[in-house]
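The structure under discussion appears below in the form of structure tokens.
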Amino acid sequence: AQSVAQPEDQVNVAEGNPLTVKCTYSVSGNPYLFWYVQYPNRGLQFLLKYITGDNLVKGSYGFEAEFNKSQTSFHLKKPSALVSDSALYFCAVILNNNDMRFGAGTRLTVKP
Amino acid sequence: NAGVTQTPKFRVLKTGQSMTLLCAQDMNHEYMYWYRQDPGMGLRLIHYSVGEGTTAKGEVPDGYNVSRLKKQNFLLGLESAAPSQTSVYFCASSVLAGAYEQYFGPGTRLTVT
């Protein structure tokens with residue numbers, strides 16, 4: 001089935017260290033990939049997307065993601081984590097029928 | 001600019017009761033969506049609409065109905081609520097589908113007892 005997978009339920013990093021939140025996809029054709037963030041009791045907020053072009057995509061709040069076609073991955077990264085980055089992160093892919101499929105989410109905790 | 005708003009924020013229903021969730025957007029977006037969020041499962045698409053007067057089924061449509069009588073509003077109905085419909089419901093909208101990001105409302109927490 002066409003989908004995305006987030007292999008880690010939880011990621012813990014220390015403030016100031018680099019962070020990576022992993023996402024892999026299984027989609028036929030060229031995927032449209034997205035990252036969203038959800039803070040407690042809030043709706044999802046768009047971070048960044050890959051449609052075409054450069055494999056390294058830059059987004060909001062200093063986040064970036066690298067599209068890797070050979071590894072079918074779209075990992076979210078940030079060079080220096082902040083405590084305020086602690087939230088739930090979702091990877092998503094658009095399917096051919098305009099259906100957006102989300103991963104199960106990864107809870108990022110940044111400790112001071 | 002309110003963006004996407006949802007009414008109500010919380011609701012408790014008894015099994016068999018009905019209710020309607022209202023989503024409104026003021027961004028003149030063509031596409032609107034209803035999702036449910038359950039722990040460990042991410043968001044799953046219930047129904048969506050590609051424009052006024054049109055609706056389509058998503059991944060988990062059973063037990064729900066929708067209507068888009070006005071471009072800015074997208075209603076989600078539960079005709080006979082079941083405990084399995086206990087969830088947090090999110091509405092979203094986008095300019096178009098495909099490459100366009102979605103804008104989400106704050107959510108409605110529904111409990112069915």
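Below, chains carry the letters A, B, ... as their sequence lines are ordered, and counting in each starts from 1. None of the values given here were measured: they were computed from a predicted structure. FYI, side chains are in, hydrogens and waters are out, and symmetry mates aren't considered; it's all heavy atoms of this structure.
- Relative to the six-membered ring of Tyr100(B), Lys49(A) meets both conditions, a distance below 6.0 Å and an angle of at most 45° to the axis.
- With a threshold of 4.5 angstrom between heavy atoms, Leu44(A) approaches chain B through its backbone and through its side chain.
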Self-check item: Trace of the side chain to side chain donor-acceptor pair (under 3.5 Å) decision for Asn68(A) with Ser70(A)
Solution: CA-CA 6 Å; Asn68(A) 188 318; Ser70(A) 63; 2.7 Å; yes
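- Salt bridge annotation for Lys58(A)-Glu64(A): present, with a cationic side-chain nitrogen under 4.0 angstrom from a carboxylate oxygen.
- The candidate with the highest count of non-hydrogen atom pairs below 4.5 Å against chain A, out of Cys91(B), Ala56(B), Ser94(B), Pro106(B), is Pro106(B).
- Residue Phe102(A) touches chain B through both its backbone and its side chain, counting heavy-atom pairs closer than 4.5 Å.
- Within the 4.5 angstrom heavy-atom criterion, atoms from both the backbone and the side chain of Leu43(B) approach chain A.
- Chain A forms more heavy-atom pairs under 4.5 Å with one residue of Met41(B), Glu59(B), Gln6(B) than with any other, namely Glu59(B).
- The contact between Tyr36(A) and chain B is made entirely by side chain atoms (from C-beta outward), counting heavy-atom distances below 4.5 Å.
- With a 6.0 Å radius and a threshold of 12 heavy atoms from other residues, nucleotides or ligands, Lys71(B) has its NZ atom above the threshold.
- With a 4.5 angstrom heavy-atom cutoff, Gln45(A) does not touch chain B via any of its atoms.
- Heavy-atom contacts from other residues, nucleotides or ligands closer than 6.0 Å to CD of Glu52(B) number more than 12.
- Residue contact with chain A, scored on non-hydrogen atoms closer than 4.5 Å, is absent for Tyr103(B).
- Proximity to chain A (any heavy atom under 4.5 Å) is shown, for Gln102(B), by both the backbone and the side chain.
- Residues Ser84(A) and Tyr61(A) bring no donor and acceptor atom of their side chains to less than 3.5 Å of each other.
- Using a 4.5 Å cut-off between heavy atoms, Leu88(A) contacts chain B through its side chain alone, with no backbone atom that close.
- Residues Arg44(B) and Asp38(B) are in side-chain contact: their nearest non-hydrogen atoms beyond the backbone lie under 4.5 Å apart.
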